[in-house]
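Okay, structure first, notes after.
Whatever order the structure lists them in is the order used to number ligands and atoms, beginning at 1.
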Amino acid sequence: MNQDVVSPSPIRLVVLISGHGSNLQAIIDNITNKNLPAQIVAVISNKADAYGLERAKKAGIKHHVLSYNDFTDREDYDLALKNLIDEYQPDLIILAGFMRILSDEFVEHYSQKMMNIHPSLLPKYKGLNTHQRALDAGEKEHGCSVHFVTTELDDGPVILQATVNIEDNDTAETLATRVHQQEHRIYPEAIRLFAEKKLKLK
Ligand code: GRF
């Protein structure tokens with residue numbers, strides 16, 4: 001073994017989801033294929049029927065449902081979520097299609113330790129329906145961004161972006177499919193950069 005090559009020890013990830021979990025799957029696959037020095041210590045969903053929970057189960061990853069319906073307000077929910085996450089002592093929190101706005105206190109607790117993926121070339125098209133909005137605006141290019149989470153929605157420092165060309169016959173669905181393919185490439189890559197301590201906030 002070459003003693004000069006020191007592999008970083010796997011970082012601990014907690015992944016938050018609400019739905020399909022294709023980004024979760026991309027991260028699982030990269031870990032399995034040894035492209036990502038990380039381990040997913042827990043998956044948490046705010047929806048009991050999120051398909052991503054099946055993916056976690058199949059991969060043998062601990063998973064939880066924390067439904068907003070069981071809490072009276074956002075602060076209570078965020079506190080419960082924080083307590084659950086912290087039981088796992090993660091190095092990094094991964095928002096992968098987690099469809100809830102988080103309180104400032106929660107976000108600040110994980111300052112520079114929480115990433116999100118957003119389906120647009122930030123700072124363009126924050127919020128929802130990004131593919132249709134890009135088409136409606138007559139954009140020639142669209143894409144996705146991985147960023148650190150800050151208290152402003154979809155506004156934290158960008159880590160990686162990927163661009164796709166918009167074709168004349170694109171619909172929101174065809175565009176979303178191609179953007180998703182890029183998401184599955186750049187999210188694991190951004191996590192790898194974090195794990196290898198190659199990210200610096202400027
Ligand atoms: C992705 O499009 C991501 O950009 C957005 O939510 C979607 C999640 O998709 N934040 P999936 O659940 O990972 O398939």
Side-chain angles (χ1 to χ4, degrees), residues 13-33 35-36 38 40 42-59 61 63-68 81 92-102 106-107 110 113-136 139 141-164 166 170-194:
L13 308 177
V14 167
V15 183
L16 306 190
I17 60 166
S18 298
H20 193 57
S22 66
N23 279 286
L24 166 66
Q25 189 66 55
I27 296 164
I28 293 171
D29 292 346
N30 272 270
I31 292 172
T32 306
N33 295 335
N35 289 327
L36 184 54
I40 302 176
V43 169
I44 303 172
S45 172
N46 65 328
K47 303 258 190 239
D49 60 355
Y51 181 66
L53 291 167
E54 294 298 319
R55 299 180 191 270
K57 199 192 279 178
K58 205 165 156 207
I61 298 168
H63 47 285
H64 302 266
V65 177
L66 201 63
S67 169
Y68 182 60
L81 183 58
L92 185 63
I93 320 300
I94 299 295
L95 304 185
F98 187 64
M99 297 299 284
R100 279 197 50 76
I101 305 229
L102 297 160
F106 182 94
V107 170
Y110 299 111
K113 283 179 62 180
M114 183 156 59
M115 287 183 188
N116 183 39
I117 188 146
H118 184 74
S120 79
L121 293 172
L122 291 173
K124 287 185 170 181
Y125 308 114
K126 298 172 182 178
L128 299 174
N129 301 322
T130 57
H131 309 302
Q132 190 60 53
R133 285 159 62 208
L135 289 172
D136 292 347
E139 297 280 5
E141 289 185 333
H142 184 48
C144 49
S145 311
V146 180
H147 64 95
F148 280 115
V149 178
T150 58
T151 52
E152 295 299 314
L153 184 67
D154 301 329
D155 196 48
V158 169
I159 299 164
L160 284 178
Q161 292 186 309
T163 303
V164 303
I166 296 186
D170 259 327
T171 62
E173 288 71 30
T174 59
L175 193 51
T177 302
R178 294 206 307 287
V179 170
H180 251 119
Q181 288 166 354
Q182 295 303 317
E183 292 184 16
H184 301 160
R185 188 175 63 77
I186 67 169
Y187 215 175
E189 177 64 13
I191 298 166
R192 195 171 63 76
L193 292 173
F194 181 95

Item checked: side chain to side chain contact (heavy atoms under 4.5 Å, CB included) assessment of His63 paired with Ile17 -> CA-CA 10 Å; His63 47 285; Ile17 60 166; over 6 Å; no

Notebook entry, point to check: Does the ring center of His131 lie less than 6.0 Å from the ring center of His142?
Noted result: yes

Margin query: What does the 4.0 Å heavy-atom contact list look like for ligand 1?
Written below: His20, Gly21, Ser22, Asn23, Gly97, Ile117, His118, Pro119, His180, Glu183

Next item on the list: Quick one: closest heavy-atom pair of Thr130 and Gly127, and the distance?
Entry: CG2-O, 3.5 Å

Item checked: Least distance between heavy atoms, Ala26 atom then Pro188 atom -> O-CG, 4.0 Å

Check: Is any side-chain N of the basic residue among Lys126 and Glu152 closer than 4.0 Å to the acidic one's carboxylate O?
Finding: no

Next item on the list: Pick out which of Asp29, Ile27, Ile28 makes a side-chain contact (heavy atoms from CB on, under 4.5 Å) with Leu36.
Entry: Ile27

